[in-house]
Amino acid sequence: DGGITQSPKYLFRKEGQNVTLSCEQNLNHDAMYWYRQDPGQGLRLIYYSQIVNDFQKGDIAEGYSVSREKKESFPLTVTSAQKNPTAFYLCASSIGRGVFFGPGTRLTVL
Amino acid sequence: GQQVMQIPQYQHVQEGEDFTTYCNSSTTLSNIQWYKQRPGGHPVFLIQLVKSGEVKKQKRLTFQFGEAKKNSSLHITATQTTDVGTYFCARSPDSGGYQKVTFGTGTKLQVIP
């Protein structure tokens, strides 16, 4: 977990605004992931990327977008189309044996 | 997507008692991974099991992969307050690739001192 950074830790936005969550890793991992966790709930996959300039939708991709222009970076944009954006967002990376998570960003949309 | 179900959803134990969480799938798993998430924290990778019937130990934690590769368990012997958290199992389509990793529903463990 030391090699994955997410900022900020807490983020507040008004309803109707797009917001981009950052995720950077210096682990040289090819794969990166975005998960969403709601209070008392499990982890649901939003998007994942296996290599640069390629990404696939997860189970709950609607209302989200991503880019993977660099190996180290996998930003997630929460768009105004996402109906319930308030959640804990976790970025992760993998080299094929286990997924390693960043500290997460708690997004609150008011 | 194909899900893995975990039971129980919650477990309260007295410190010193044992704890077990189970992960079940309706389809054969190529591998099973286990994670621990402390309250307020992020999930931390514990282990990956790949072989049928595999058993691995990490101190007081014992991980098992079923013979049919459709279920797995995590057993903690003599729980301590440091074991508090939510334990997740997860699956991926292949053991070595950078594939979609799907998490189970989790078991929240509370240890009473």
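Any value given below was found using the heavy atoms of this structure, including those in side chains, with hydrogens, waters and symmetry copies removed. Numbers restart at 1 for each chain; the letters A, B, ... are given by sequence-line order, proteins then strands.
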Original post:
Hey, any chance A:Met32 and A:Leu45 share a hydrophobic cluster, counting ILVMFWY side chains that come within less than 4.5 Å of each other, even indirectly?
Top reply: no
Original post:
Would you call A:Tyr48 and B:Val101 a side-chain contact if the rule is heavy atoms closer than 4.5 Å?
Top reply: no
Subject >> Linked, directly or transitively: A:Val52 and A:Val66 (ILVMFWY side chains, under 4.5 Å) >> reply: no
Original post:
More than 12 heavy atoms of other residues, nucleotides or ligands under 6.0 Å from NZ of B:Lys108: is that the case?
Top reply: no
**OP:** Quick one: closest heavy-atom pair of B:His42 and A:Phe101, and the distance?
**Re:** CD2-O, 3.6 Å
Original post:
Do A:Tyr35 and A:Leu76 belong to the same hydrophobic cluster, where Ile, Leu, Val, Met, Phe, Trp and Tyr are linked whenever their side-chain heavy atoms lie under 4.5 Å apart, directly or via other members?
Top reply: no
Subject >> Between CD on residue A:Gln41 and OG1 on residue B:Thr86, distance to nearest 0.5 Å >> reply: 11.0 Å
Original post:
At their closest point, which heavy atom of A:Leu43 faces which heavy atom of B:Phe103, and how far apart are they?
Top reply: CD1-CD2, 3.5 Å
Subject >> chain B contact via A:Gln37 - which portion, at a heavy-atom distance below 4.5 Å >> reply: side chain
Original post:
Quick check: are there more than 12 heavy atoms from other residues, nucleotides or ligands sitting under 6.0 Å from CD of A:Glu69?
Top reply: no
Original post:
For B:Gln37, is it the side chain, the backbone, both or neither that has a heavy atom under 4.5 Å from a heavy atom of chain A?
Top reply: side chain
Original post:
Mind checking whether B:Phe45 and A:Trp34 sit in one hydrophobic cluster, side chains of I, L, V, M, F, W, Y counted as touching below 4.5 Å?
Top reply: no
**OP:** Could you tell me whether the side chain of A:Val99 reaches within less than 4.5 Å of the side chain of B:Tyr35, counting heavy atoms only?
**Re:** yes
**OP:** Would you mind telling me which of A:Gly104, A:Gly98, A:Gly42, A:Gly58 has the largest number of heavy-atom pairs within less than 4.5 Å of chain B?
**Re:** A:Gly98
Subject >> Point-to-point distance, once rounded to the nearest 0.5 Å, from OG1 of B:Thr102 to CZ of A:Arg44 >> reply: 13.0 Å
Subject >> Atom OH of B:Tyr22 with >12 non-hydrogen neighbours under 6.0 angstrom >> reply: no
